[in-house]
Amino acid sequence: MSSKKNTKKVSDSEDDDFEEEEDESEGSGEEDSAENSVKEEEDEEEEENGDNEIKEEDNADTKIEVKDENEDDEEEEEFKPSINGNKRKNDTPVEKAAGLSNAKQVKTSGGDAVKKPVQKQQDSDDEDDENSDIKWKYLEHHGVLFPDYWQKHNVRPRYDGKPIDLNLLQEEMATYWSQTLGTDWEHKPKYRENFSKQFLDTFGKDKGKYDFDKFDFTPIKIHLEEQKEIRKNRSKEEKNQEKQKKERLSDYYAGAILDGFREKVGQFMIEPPTLFKGRGEHPKMGMMKGRIQPEAVVINISKDAPVPKCSVPGHGWSEIVHKQDVTWLASYKDDSVKKQHKYIFLSAESKLKAENDKKKYEKARRLKNLIGQIRENYERKLRSSDPVDRQLGTATYLIDKLALRVGNEKSEEEADTVGCCSLRVEHIQVIEDTQIGFDFLGKDSMRYQNTVKVTEIVWKNMQSFIKNKKPGDDLFDRIDASSLNEYLKSQMEGLTAKVFRTYNASHTLQKELDKADEEGLDKMDLKDKLNFYDEANRNVAILCNHQKTVGKNFDVMVGKMEQRINVYKDYEKELHTHLNKCKKNGVNAYEKEVILEEKDDGKHKMFVKKFPGTKEKIQEAIEKIKKKIDEEQNKKQSKEKNKEIALGTSKTNYNDPRISVVWCKKWEVPVEKVFPKTLIAKFVWAMDTDLEWSF
DNA sequence: TGGTCTACTTAGAACTATAGGA
DNA sequence: TCCTATAGTTCTAAGTAGACCA
């Protein structure tokens with residue numbers, strides 16, 4: 001399968017996606033106006049059906065060293081350059097386009113490499129972008145979708161026992177707060193503190209008159225529960241209608257064209273306002289994430305692409321830009337909680353993302369070829385007389401052996417988490433027998449707790465790095481993330497700490513899966529083969545410290561499983577007893593009904609098993625229940641093993657998909673048993689990897 | 001040189017759909 | 001056919017890293 005399948009050729013039949021729908025929107029709100037915008041464009045599309053077919057240019061990335069056997073397939077596609085049929089309007093002034101009353105001047109970037117107008121570039125065989133940062137030649141999309149404005153429900157909370165009127169913003173905030181009542185968030189002091197301060201601030205000069213503790217939001221909470229119930233009980237028809245409406249919006253906004261191919265947009269909805277829920281002990285949790293208006297949104301499209309309509313009446317985009325050196329379709333600044341930029345990108349299955357993904361793994365494979373020399377080099381540094389070199393060597397050792405992240409500096413306004421370079425004295429313990437204990441919070445405040453035996457020189461270095469330091473002091477006080485990466489770059493072009501993680505993860509997966517022969521995989525059934533694969537994947541997840549929090553009813557679930565196993569075992573025992581009786585007495589007909597388990601209330605029988613009537617049937621039943629016991633035990637074991645381990649992250653981000661594809665082919669395992677639909681789409685470029693390939 | 005900005009990937013939690021067992 | 005556990009998907013927070021600037 002080639003990356004051709006990754007993108008869709010824009011054809012007449014596919015334009016049907018945008019065919020006119022019956023207008024069934026009634027209420028108000030942004031989605032409705034967005035829907036109108038969907039409809040309007042669909043109408044226009046019907047009118048304009050020109051035939052602007054253009055030949056695609058060769059867009060292959062020459063930097064990829066290993067040639068994809070199917071690259072050739074991509075080259076000779078024809079396309080029509082508009083999302084809605086063939087609506088390219090070279091001469092459409094951007095200012096004239098709908099929703100653009102507020103749009104600022106148009107910018108173009110992409111470095112000096114962008115000298116010619118886009119249309120010209122598309123029509124010519126230019127070679128000058130081979131080494132430039134140009135990410136696309138033609139880009140067209142429908143902009144972004146805005147969440148509904150707040151609609152008042154007029155349910156009043158109580159203040160000091162009496163109902164209190166709230167204005168629009170207060171009601172909105174109070175409702176977001178009420179949503180978190182009964183969850184862990186409610187009891188986090190910082191969450192409460194941040195929210196209550198901002199909430200009281202909305203009372204302006206009267207804020208001093210109010211005490212947050214005297215607010216009772218139960219009425220809103222009850223209202224939310226009622227609404228949830230109503231939603232749950234909607235008729236099939238209503239649910240269907242809503243689903244279709246959602247799909248229609250998605251079809252519209254998720255459609256983009258990049259260099260002649262239809263591509264899917266990732267998350268196209270602007271993040272709705274809510275209370276910020278940072279991970280770990282985030283100092284800003286509970287603060288209000290503000291509403292983003294179109295005036296904050298920058299749209300990135302081709303100069304000659306139609307400007308997307310802004311779906312919010314009376315509003316317009318901040319700017320229309322034509323930055324060919326970036327991959328984002330839209331961006332906005334959100335400074336309400338923390339200063340940050342948000343982006344709308346193409347989805348993971350797009351050609352652009354896929355190419356980057358492939359490059360990432362190719363870089364990791366390059367590291368594989370050089371790792372011996374690189375290790376020798378940093379091991380030399382471990383013994384250097386220069387303390388900076390000793391720290392560089394030691395940090396690289398930890399990144400290589402433990403797959404630690406590099407650890408950039410963080411501000412006071414974020415949760416206190418660390419990576420390799422930001423480790424502090426209190427995070428490590430130098431233990432006898434050349435062991436080092438690690439205990440710190442990493443990305444997403446996930447705890448990394450590990451005791452490792454290291455080489456003597458590393459152990460001595462670590463000991464010297466903490467000497468005369470107190471808790472709070474940096475372990476590596478002479479290096480930081482950028483100086484470390486600078487050193488890594490001197491070892492291999494493009495090498496950063498992140499590449500080690502990808503390399504070590506993929507290398508581990510390959511190594512583990514290569515044990516298939518000695519494990520006798522050929523004699524295993526599909527279930528066991530998949531267990532073997534999961535086990536290999538688990539090793540990667542452990543290496544990378546990919547965790548998940550244990551579900552609240554984990555113990556209950558395991559308890560139930562145990563109970564079930566015991567019931568099955570009892571049944572098996574009884575079957576044996578009766579089989580023996582049958583054999584002894586020569587009685588074949590034997591029937592008995594047993595209750596194997598009762599529900600908690602004791603009223604309902606969960607399992608009712610009849611004993612079979614003949615010896616043969618008893619024997620059959622024994623075999624059946626034995627199998628069931630086995631299955632249930634395996635299920636329980638794997639549940640316990642995976643209790644705190646997240647297997648998905650390594651699959652999505654670290655394991656070269658070609659390793660899994662080849663393994664699946666070799667052992668006749670359908671690839672969809674290993675990758676869900678979305679990952680197959682993301683890794684479409686890896687699907688026809690040759691059987692001989694290895695990482 | 002260090003701080004900030006920008007662009008992109010990686011990450012777990014929350015939400016939703018689906019499968020499988022009764 | 002219904003219910004619920006699990007798998008799969010979506011959402012957005014939290015990283016990395018290069019560019020830029022004073």
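All values below come from the heavy atoms of this structure, side chains included, with hydrogens, waters and symmetry mates left out. So you know, we letter chains A, B, ... as the sequences are listed, proteins then strands, and number each from 1.
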Worksheet item: Between A:E362 and A:K359, does at least one N-O distance fall below 4.0 Å, as a salt bridge requires?
Response: no

Practice prompt. May I ask you to verify if any side-chain N or O of A:T678 is less than 4.0 angstrom from the OP1 or OP2 atom of C:dG8?
Written response: no

Just the table, please: protein N/O against nucleotides 1-4 of chain B N/O, every pair under 3.5 Å.
none

Worksheet item: B:dG12 phosphate, OP1 or OP2: any side-chain N/O from A:T549 under 4.0 angstrom?
Response: no

Discussion item. Under a 4.0 Å threshold between the charged nitrogen and the carboxylate oxygen, would A:K221 count as salt-bridged to A:E186?
Written reply: no

Fill in: Residue A:A497, side-chain heavy atoms: nucleotide from C:dT10, B:dG12, C:dA17 that is nearest
C:dA17

Practice prompt. May I ask you to decide whether A:E414 forms a salt bridge with A:K338, counting only side-chain N to carboxylate O separations under 4.0 Å?
Written response: no

Worksheet item: Hey, is A:E281 close enough to A:K190 for a salt bridge, meaning N to O under 4.0 Å?
Response: no

Item to complete: Give a yes/no on whether any side-chain N or O of A:H341 is located under 4.0 angstrom from OP1 or OP2 of B:dA7.
Response: no

Worksheet item: Closest nucleotide of DNA chain C for A:L679 versus for A:G494: which of these residues is on the 5' side?
Response: A:L679

Worksheet item: Between the side-chain atoms of A:K277 and the base atoms of C:dT12, is any donor-acceptor pair under 3.5 Å?
Response: no

Fill in: A:K338, nearest nucleotide to its side chain (from B:dC8, C:dA14, C:dA5)
C:dA14

Worksheet entry | Passing candidate, ring pair (Phe, Tyr, Trp, His ring centres under 6.0 Å) with A:Y176, options A:W185, A:F276, A:W150, A:F195 | A:W150

Worksheet item: Between A:M557 and A:K342, which is nearer to the 5' end of DNA chain C once each is assigned its nearest nucleotide?
Response: A:M557

Worksheet item: Which of parallel (below 30°), tilted (30 to 60°) and perpendicular (above 60°) describes A:Y191 and A:W177?
Response: parallel

Worksheet item: Within less than 4.0 Å of OP1 or OP2 of C:dT16, is there a side-chain N or O belonging to A:N408?
Response: yes

Discussion item. Please confirm whether the shortest side-chain N or O distance from A:N356 to OP1 or OP2 of B:dT9 is below 4.0 Å.
Written reply: yes

Item to complete: Would you please confirm or rule out a distance under 4.0 Å between OP1 or OP2 of B:dT10 and any side-chain N or O of A:H546?
Response: no

Discussion item. Of the options C:dA17, B:dC8, B:dG12, whose atoms approach the side-chain atoms of A:K135 most closely?
Written reply: B:dC8

Worksheet item: In terms of side-chain heavy atoms of A:K353, which of B:dT9, C:dA14, B:dA13 is nearest?
Response: B:dT9

Item to complete: Among the candidates C:dT16, B:dT9, C:dA14, find the nucleotide nearest to the side-chain atoms of A:V406.
Response: C:dT16

Response to the item:
Between A:R231 and A:N653, whichever has its closest DNA chain B nucleotide further toward 5' is A:N653

Worksheet entry | Residue whose closest nucleotide on DNA chain B lies nearer the 5' end, A:K243 versus A:K548 | A:K548

Fill in: Shortest side-chain distance from A:W185, nucleotide among B:dA13, B:dA14, B:dT9
B:dA14

Practice prompt. Could you check which of B:dC8, B:dA11, C:dA13 has an atom nearest any side-chain atom of A:K289?
Written response: C:dA13

Worksheet item: Which nucleotide, B:dT6, B:dT9, C:dA14, lies nearest any side-chain atom of A:K498?
Response: B:dT9

Discussion item. For A:R248, is there an ion pair with A:D251 - N to carboxylate O distance below 4.0 angstrom?
Written reply: no

Fill in: Pairing of A:K489 and A:E486 as salt bridge, 4.0 angstrom limit
no

Item to complete: Report the nucleotide, chosen from C:dG15, B:dC5, C:dA14, that has the shortest atom-to-atom distance to any side-chain atom of A:R279.
Response: C:dA14

Worksheet item: Closest to the A:Q340 side chain: C:dA13, B:dG12, C:dA17?
Response: C:dA13

